[in-house]
A.B. asks: 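The structure under discussion is supplied below as structure tokens; questions concerning it will follow.
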Protein chains: 2
Amino acid sequence: MIAELHKHPTTIASRLTEELTDAIVTGEIAAGEKISEPNLANRYDVSRGPLREAIRRLEGRGLVRHVPHAGVRVVTLELDEVVELYAIREALEGMAARLAADHMSDTEIEAVRELLDEHEVAVQKSEGREYFQQEGDLDFHYRIVMASGNQKLIALLCGELYHLVRMHRYRSSRTASRPQRALTEHRRILDAVAERDGELAELLMRRHLGGARQSIATQLEKPND
Amino acid sequence: MIAELHKHPTTIASRLTEELTDAIVTGEIAAGEKISEPNLANRYDVSRGPLREAIRRLEGRGLVRHVPHAGVRVVTLELDEVVELYAIREALEGMAARLAADHMSDTEIEAVRELLDEHEVAVQKSEGREYFQQEGDLDFHYRIVMASGNQKLIALLCGELYHLVRMHRYRSSRTASRPQRALTEHRRILDAVAERDGELAELLMRRHLGGARQSIATQLEKPND
DNA sequence: TGCCCCAATATTGTCGACAATAATACGCGT
DNA sequence: ACGCGTATTATTGTCGACAATATTGGGGCA
């Protein structure tokens, strides 16, 4: 009764895609690790056929790298790559924030405002230690992107890049992330959206992500051991 | 002796991925068409195994849409989706132009300048009818993106989104595309890059793509028959 | 002793057949 | 004659076995 409460009779390959995605994102399958098909096959108790198809999809999500006749390796996601990723987020989510200011409904804005309130109590509960990064629907950035109305943009940010972002979050959960400040910035962005000021929303979002990017870039300088 | 001059012994699935990508982009496999596995299997004279893997990759490139137990269909790429796509290009390639201004070497700049000269003669040869859209390395936008230095950005624009852009080009080869003007704008952008003025390069690139987007959006209003 | 070549092994790539699900067509009842 | 349920058919999903390629270990030669 763990899974399969969904009505649609899903396929093994689809299920595997999600399971493997999660396993990689959470580090259950270590970064840089070589994926052995026979190994994973009986680890997840499936045949190699569906497994290979799932891997091809992971390839499309940028979570693994494939070289013919040599196998696939989980991506490393070095810090400089994360910096690149955040630079892209800056451009794309900035755009999303601008669009959201036009498309987001009042009720949705209110819903996100309540979401941020919940985040507030979570932060205070953990005594400002970390902005407990919720995922998917519970993530502020996720909601903003979803409200942009641009389907291609949504697919890009929520489909592919998001997994890499999650992957980085899991690894550096304690470092950086000044939670109280991030929360404040989220509120400012939402305010701009509520005022239908797309330009400001974009500016604030870019600054928000730009700060995070620089914070990561700083870590990149100094060795962390 | 047609192919396989490359040293790396490529796999059937990889070859199929490229062949199918091209077939879809050029319209050889019509948009919206349902893909039958047995059909394609003996059409390309391969087994269903590699074919399915190739399809999964096409799925990742956003060229086909898959629903479990119902098969895959080639994407339709309606005009409003193209508009969305160009909005994304605006953000991403604008960023690429800005980065290229910092990273592009002088020799590479000169090479692109010569490329634009070749484009010029091609345009004049066709009497300004169309900017004969070259692909890959011969495409101006491609070169700018490649010079950005951001690997993730390159993968995104040259790997996935580019195929959709090509797909749209093939379908509307005659419409829009004021070639002389586009060429001039390309030159201006390159000039800004040569002067290491990233801000201006970004601005010009965004304006360049924004114009194209609005041109497409205009077509979207009026029925084209 | 060190290097290179070759054989043994393991892994990836490919294939054909079987099972499960969805679409289709036929026949029955009203 | 029309609608619905059922049987048929075709397509997708899955599996296990075989072939091809890369890796690893050992042995021979300089």
Side-chain angles (χ1 to χ4, degrees), chain A residues 2-21 23-24 29-76, chain B residues 1-21 23-24 29-75:
Chain A
I2 296 179
E4 303 325 301
L5 295 178
H6 304 73
K7 39 183 171 280
H8 270 293
T10 184
T11 162
I12 294 183
S14 302
R15 179 173 55 83
L16 259 187
T17 303
E18 301 311 317
E19 286 189 13
L20 289 179
T21 296
I24 290 177
I29 300 179
E33 183 175 327
K34 181 179 185 307
I35 286 185
S36 161
E37 290 183 4
N39 186 357
L40 275 196
N42 49 14
R43 187 167 182 281
Y44 284 86
D45 196 49
V46 295
S47 181
R48 276 183 53 215
L51 175 61
R52 283 175 69 91
E53 295 198 9
I55 291 178
R56 293 300 162 269
R57 287 203 258 236
L58 260 49
E59 205 181 331
R61 290 184 180 178
L63 291 177
V64 298
R65 251 177 139 45
H66 167 95
V67 295
H69 296 287
V72 296
R73 305 193 82 89
V74 177
V75 294
T76 306
Chain B
M1 77 180 70
I2 296 179
E4 302 326 298
L5 295 179
H6 305 73
K7 40 183 171 283
H8 270 294
T10 183
T11 162
I12 293 183
S14 302
R15 179 173 56 83
L16 259 186
T17 303
E18 301 311 317
E19 286 189 13
L20 289 179
T21 297
I24 291 176
I29 300 179
E33 184 175 326
K34 180 180 185 306
I35 286 185
S36 161
E37 290 184 4
N39 186 357
L40 274 196
N42 49 14
R43 188 169 181 280
Y44 285 87
D45 196 50
V46 294
S47 182
R48 277 183 54 216
L51 175 62
R52 284 175 69 91
E53 295 199 9
I55 291 178
R56 293 302 163 267
R57 286 203 258 236
L58 260 49
E59 206 180 329
R61 290 184 181 178
L63 291 176
V64 298
R65 254 180 136 43
H66 168 95
V67 296
H69 296 286
V72 297
R73 305 192 82 89
V74 178
V75 294

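Here is the naming used below: chain letters follow the sequence lines, and residue numbers restart at 1 for every chain. When reading the values below, keep in mind they use all heavy atoms of this one structure, side chains included, and skip hydrogens, waters and symmetry mates. Not measured: the values here are computed from a predicted model.
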A.B. asks: Below the 4.0 Å mark, does D:dT12 have OP1 or OP2 next to a side-chain nitrogen or oxygen of B:K34?
C.D. replies: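 For D:dT12, OP1 or OP2 has a side-chain N or O of B:K34 closer than 4.0 Å.
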A.B. asks: Which whole-number value in Å describes the distance from B:R73 CZ to C:dA23 P?
C.D. replies: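 In whole Å, C:dA23 P and B:R73 CZ are 11 Å from each other.
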A.B. asks: Heavy-atom nearest nucleotide on DNA chain D for A:A70 versus A:P50: which residue maps closer to 5'?
C.D. replies: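 First, find each residue's nearest nucleotide; the 5'-ward one identifies A:P50.
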A.B. asks: In terms of side-chain heavy atoms of A:E53, which of D:dT14, C:dG13, C:dA22 is nearest?
C.D. replies: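 Given the options D:dT14, C:dG13, C:dA22, the side chain of A:E53 is closest to D:dT14.
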A.B. asks: Taking CD from B:E37 and C1' from C:dC15, how many angstroms apart are they, rounded to a whole number?
C.D. replies: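 Interatomic distance, CD of B:E37 to C1' of C:dC15: 14 Å.
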A.B. asks: Pick base, sugar-phosphate or nothing for B:L51, based on heavy-atom distances below 4.0 Å to the nucleic acid.
C.D. replies: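 No contact at all - B:L51 keeps every heavy atom at 4.0 Å or more from the nucleic acid.
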A.B. asks: Could you tell me whether B:G49 contacts a base, only the sugar-phosphate backbone, or nothing, with contacts defined as non-hydrogen atoms closer than 4.0 Å?
C.D. replies: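 B:G49: no heavy atom of the nucleic acid under 4.0 Å.
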A.B. asks: For A:E19, is there an ion pair with A:R57 - N to carboxylate O distance below 4.0 angstrom?
C.D. replies: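 No, this pair does not count.
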A.B. asks: Nearest to the B:S47 side chain among C:dT11, C:dG16, C:dT21, which nucleotide is it?
C.D. replies: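 Looking only at side-chain atoms, B:S47 lies closest to C:dG16.
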A.B. asks: Between D:dG13 and B:H66, is there an OP1 or OP2 to side-chain N/O distance shorter than 4.0 Å?
C.D. replies: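 It does, given that an N or O in the side chain of B:H66 lies less than 4.0 Å from OP1 or OP2 of D:dG13.
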A.B. asks: How long is the line joining CG of B:L40 and P of D:dT12, in whole Å?
C.D. replies: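 Answer to the nearest Å: 10 Å.
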A.B. asks: Could you tell me how far apart A:N39 (CG) and C:dT12 (C1') are, to the nearest whole angstrom?
C.D. replies: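 Nearest whole value for this atom pair: 14 Å.
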A.B. asks: Is B:R52 salt-bridged to B:E37, going by a charged N under 4.0 Å from an acidic O?
C.D. replies: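 B:E37 and B:R52: salt-bridged.
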A.B. asks: Just N and O in the side chain of B:R52: are any of them under 4.0 Å from OP1 or OP2 of D:dC15?
C.D. replies: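 For D:dC15, OP1/OP2 do not have a side-chain N/O of B:R52 under 4.0 Å.
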A.B. asks: Between C1' on D:dT14 and CG on A:L16, what's the gap in Å once rounded to a whole number?
C.D. replies: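 Taking CG of A:L16 and C1' of D:dT14, I get 12 Å after rounding.
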A.B. asks: So that I can tick it off, tell me whether A:E18 and A:R61 are bridged by a salt bridge, with the cut-off set at under 4.0 angstrom between side-chain N and carboxylate O.
C.D. replies: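 Between A:E18 and A:R61 there is a salt bridge, with a charged N closer than 4.0 Å to a carboxylate O.
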A.B. asks: Rounded off to whole Å, could you give me the CD-to-C1' distance for the B:E59 and D:dG13 pair?
C.D. replies: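 Going from B:E59 (CD) to D:dG13 (C1'), I get 14 Å.
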A.B. asks: Among C:dT14, D:dT14, C:dT11, which nucleotide has an atom closest to any side-chain atom of A:A13?
C.D. replies: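 My answer, after comparing the listed nucleotides, is D:dT14.
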A.B. asks: Roughly how many Å is it from CD1 in A:I12 to C1' in D:dT12, rounded to a whole number?
C.D. replies: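 That distance rounds to 13 Å.
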A.B. asks: Compare the minimum distances between each of C:dT12, C:dT14, D:dG13 and the side chain of A:P38, then state the nucleotide with the smallest one.
C.D. replies: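 Given the options C:dT12, C:dT14, D:dG13, the side chain of A:P38 is closest to C:dT12.
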A.B. asks: Taking the minimum atom-to-atom distance to the side chain of A:R48, which one of D:dT14, D:dA17, C:dG16 wins?
C.D. replies: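 Taking heavy atoms from C-beta onward, the closest nucleotide is D:dA17.
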A.B. asks: Assess whether side-chain contact (heavy atoms from CB on, under 4.5 Å) is satisfied between A:L40 and A:L51, documenting all intermediate values.
C.D. replies: CA-CA 8 Å; A:L40 275 196; A:L51 175 61; 4.0 Å; yes
A.B. asks: Regarding B:E53 and B:R56, does a basic nitrogen lie under 4.0 Å from an acidic carboxylate oxygen?
C.D. replies: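 Answer for the salt bridge query: no.
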A.B. asks: To the nearest Å, how far apart are A:D45 CG and D:dG16 P?
C.D. replies: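 Going from CG in A:D45 over to P in D:dG16 covers 10 Å.
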A.B. asks: Look at all strands and tell whether A:I55 reaches a base, only sugar-phosphate, or nothing, counting heavy atoms closer than 4.0 Å.
C.D. replies: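 Result for A:I55 = nothing.
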A.B. asks: Got B:I35 and B:V64 here, is their nearest side-chain heavy-atom distance under 4.5 Å?
C.D. replies: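 Yes - at least one pair of side-chain heavy atoms lies under 4.5 Å apart.
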A.B. asks: Which nucleotide wins on minimum distance to the side chain of A:T11, given the candidates C:dC15, D:dT14, C:dT14?
C.D. replies: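 Selected nucleotide: D:dT14.
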